[in-house]
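Structure first, commentary second.
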2 protein chains.
Amino acid sequence: MRTVPDSETPAADGKRGPARERPTMKEVAALAGVSLKTVSRVVNEVPTVDPALVTKVRAAMDRLGFRPNLAASNLRRGDGRTHTVGLLVEDVGNPFSAAVHRAVEDFAAQREVLVLSSSLDEDPERERRMVRALVDRRVDGLIIVPASSDHRYLVAEQEAGTAVVFVDRLPTPLVGDAVVTDNREASAQGVRHLISAGHRRIAYLGDTESLPTARDRYAGYRDAIREAAARGCVADPGLVVQGLRTVEAADAAVSELLSGPDAPTALFTSQNLVTIGAVQALHRTGSQHRVAVVGFDDIPMAQVLDPGVTVLAQQASEIGRLAAQLLFARMAGDTAPARAHVVPSRLIQRGSGEIPAA
Amino acid sequence: MRTVPDSETPAADGKRGPARERPTMKEVAALAGVSLKTVSRVVNEVPTVDPALVTKVRAAMDRLGFRPNLAASNLRRGDGRTHTVGLLVEDVGNPFSAAVHRAVEDFAAQREVLVLSSSLDEDPERERRMVRALVDRRVDGLIIVPASSDHRYLVAEQEAGTAVVFVDRLPTPLVGDAVVTDNREASAQGVRHLISAGHRRIAYLGDTESLPTARDRYAGYRDAIREAAARGCVADPGLVVQGLRTVEAADAAVSELLSGPDAPTALFTSQNLVTIGAVQALHRTGSQHRVAVVGFDDIPMAQVLDPGVTVLAQQASEIGRLAAQLLFARMAGDTAPARAHVVPSRLIQRGSGEIPAA
DNA sequence: GATCCGCCGGACAACGTTGTCTGTGGCCGA
DNA sequence: TCGGCCACAGACAACGTTGTCCGGCGGATC
């Protein structure tokens, strides 16, 4: 296809292969006129090498474009550290995952460690496949937002020396450190916020009940409602809609709730897509200044909307940072018993949650 | 050193070490009572192995939790493929990067390839450092959203067999395939859209002029204004504000423009943060239904706002997918001359860009 | 029953690198 | 001047895996 350039330098390799191979220490040694081992010493910055030789070797390395093969190095070295960790999230494209990703990356990068990431799309089978792929590459550690519901298969990996930390959901059984949001308590806090603004008919709009986090958030809602029963808060099943997974579904659910006879005066939404759908429905029906909303999860543009959207913001960066910190501690040999770490969410008041009851 | 466990499982290893080491093929072979090579054949699914032995070997692998060491395998194998590619973006946490990331990951995952990603934060030095880190890990290919302005240092890597594809910005000089947005043409299209709604005084709110993409977008703005000069479009320098990098700066700039004497009747914003700031300023001053806006880059919640925000949406997923496709073609040996591929942006009309001139 | 062929398992070397050990040269002190 | 010691280079093996080669065994055919 591409004829051999008969001009200058790499003319001799008349092979049609797309590229010559990477130079090895052997070639560097030959060019520099030293032994292979000396090159190794230069690469590893052993201080006892003759400075003149160091210069010669460095020059040879630059000329050949030599870069050490980390894999071969790890293989030979005792510790077998690849300086790479794995990160399995729901979807690297979604804001929560991306924020966690960034925080993990920052923590790792400071330690010269790179991150191999992958999306699971809530597929348990994919979780196992990706764990295998990462283990095959001998990552030093693994941060997982679980998609599966049985993590015993990871015990073997941990025993084999791969540290594992879970994020956002607890592993079952608890086979490793976990970093989670205070779903139940934060939800209760959000609902109490609405109650303190005078609301008594507060709707709950939630995700699929099969998700543990969704269950916890619903539990928090009920906690707060129950606490305020004496003050007239009603636990009306007609105010609870679950199984919402899209903006459209949430929009429709809110529209229906508001047009009904005993409409709620406030909404608590359990998740960002649901919040967006609810806000959209309120704006479309012109009731955004009349019906209060508090959402779980921050949403983009929340402060630009009118009114601003009051939310319980998960601290995704802090969650990622803490997960990385725990992971690196394990990798460094920490053998303390595994435990769950709870990162509190923050209530951000922007207006929609402070609308008083009529 | 470590005596043969005289009982069954690994109960004998009463060592306090954090973990025993990973089993190797040798240990699997010993447990299964076959040769090391036979285990290798089973792992590689060579068809000529006695089924009875396959079963025995598989059982031994499961019992020990054996997983092949891909690094060692690559080392020995001729091709030296790590089945890993590198992705360097501006920030894995921002929506554009995250969408590109996801698209690349999807393309790679179908081919059993994992993605090592890292954020560059527009730091040229960091770009070089991360490229080195990825090369040291012998990634098969590299997708880069450039932060530096001289990419000749990558030629050596390409010659050494690492495929490279650039995204969002052209490398200088053009040392590899690139996938870019049609910044200039799309901007012109957006401004023409405003002109066709009757606007003649159209402001340009842009990012730092040092960014090539920002320059192209500004050029597109000027193209469209110049075309319409006969129709009375003014190229007023007072309508151009550049160097905006944050929501706050854009908000302030818009507020000032609108309060001036010859205020624009429409805004063209060159980037999502700027668009958000502009929208925020319009809403705060109550002019969102009077002043038209077209923004480059989609913004979240654009359809929830009133009016919806008209934008030129970059097709980040398509850009990522195409970049991955080109990369894998190069990795498979494609030696066609490098060229730039332009992915068109889409004009999404949501209301703010269709407000007629007063 | 003998020969040949084919099929499958095992020994060996090598991928690129580094730890260990040995060997050599130079320098300093007595 | 000589001995000893230290500083540094080089040979060798090994990390975990796989390609190559060879040898042995079983079955089939005459």
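Heavy-atom basis, side chains included; hydrogens, waters and symmetry copies ignored. Here is the naming used below: chain letters follow the sequence lines, and residue numbers restart at 1 for every chain.
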### Query
Stepwise, does the salt bridge (charged side-chain N to carboxylate O under 4.0 Å, His left out) test hold for Arg102(A) with Asp121(B)?
CA-CA 11 Å; Arg102(A) 179 63 207 246; Asp121(B) 291 329; 2.7 Å; yes
### Task
Before giving the answer on salt bridge (charged side-chain N to carboxylate O under 4.0 Å, His left out), spell out for Arg321(A) and Glu105(A) the whole-Å C-alpha distance, their side-chain angles and the decisive distance to 0.1 Å.
CA-CA 9 Å; Arg321(A) 197 201 57 75; Glu105(A) 185 203 316; over 6 Å; no
### Message
Before you tell me yes or no, could you show the steps for Arg330(B) and Asp177(B) under salt bridge (charged side-chain N to carboxylate O under 4.0 Å, His left out), namely the whole-Å CA-CA distance, both residues' side-chain angles and the distance that decides it to 0.1 Å?
### Response
CA-CA 9 Å; Arg330(B) 293 288 175 190; Asp177(B) 288 320; 2.6 Å; yes
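Here Ser35(B) does not reach the OP1 or OP2 of dG9(C): none of its side-chain N or O atoms lies under 4.0 Å away. Not one side-chain nitrogen or oxygen of Thr38(A) sits closer than 4.0 Å to the OP1 or OP2 atom of dC8(D). Applying the 4.0 Å criterion to OP1 and OP2 of dT18(D), one finds that Ser40(B) has a side-chain N or O inside that range.
Judged by closest nucleotide on DNA chain D, Arg41(A) is the one of Arg41(A) and Lys37(B) placed further toward the 5' end.
At least one side-chain heavy atom of Leu116(B) sits under 4.5 Å from a side-chain heavy atom of Arg137(B).
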N/O donor-acceptor pairs under 3.5 Å from side chains in residues 54-61 of chain B, not counting sequence neighbours:
from: Thr55(B); atom 1: OG1; to: Pro51(B); atom 2: O; distance (Å): 2.9

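A heavy atom closer than 4.0 Å to some atom of DNA chain D occurs in Leu75(A), Arg76(A), these being the qualifying members of residues 67-77 of chain A.
Between Arg126(B) and Glu90(B) there is no salt bridge, since no side-chain nitrogen of the basic residue lies less than 4.0 Å from a carboxylate oxygen of the acidic one. For the pair Glu127(A) and Arg132(A), the salt-bridge criterion is not met [side-chain N within less than 4.0 Å of a carboxylate O].
When all heavy atoms are compared, the tightest approach of Ala133(B) to Leu114(A) is CB-CD2, 4.1 Å.
At whole-Å resolution of the value, CG in Leu36(B) and P in dG9(C) are 14 Å apart. For the pair Arg137(A) CZ and dT17(D) P, the interatomic distance rounds to 15 Å; values are reported in whole Å. The interatomic distance linking Arg138(A) (CZ) with dT17(D) (C1') rounds to 11 Å, in whole Å. Residue Arg81(B) contributes atom CZ, which lies 18 Å from atom P of dT18(D) at whole-angstrom precision. Put simply, NZ on Lys26(B) is 15 Å from C1' on dG10(C), counting in whole angstrom units. Met25(B) places its CE atom 19 Å from the P atom of dA14(D), with the value rounded to the nearest Å.
Over its full length, the helix from dG1(C)-dC30(D) to dA30(C)-dT1(D) turns its helical axis through 40°, comparing axes from the five pairs at each end and rounding to 10°.
Note on Val34(A): only backbone sugar-phosphate atoms sit closer than 4.0 angstrom, heavy atoms only; bases stay farther off. Contacts of Leu53(A) with the nucleic acid, taken as non-hydrogen atoms under 4.0 Å apart, involve only primed sugar atoms and P, OP1 or OP2.
Atoms OG and NE2, on Ser73(B) and His83(B) in that order, are 8.0 Å from each other to the nearest 0.5 Å.
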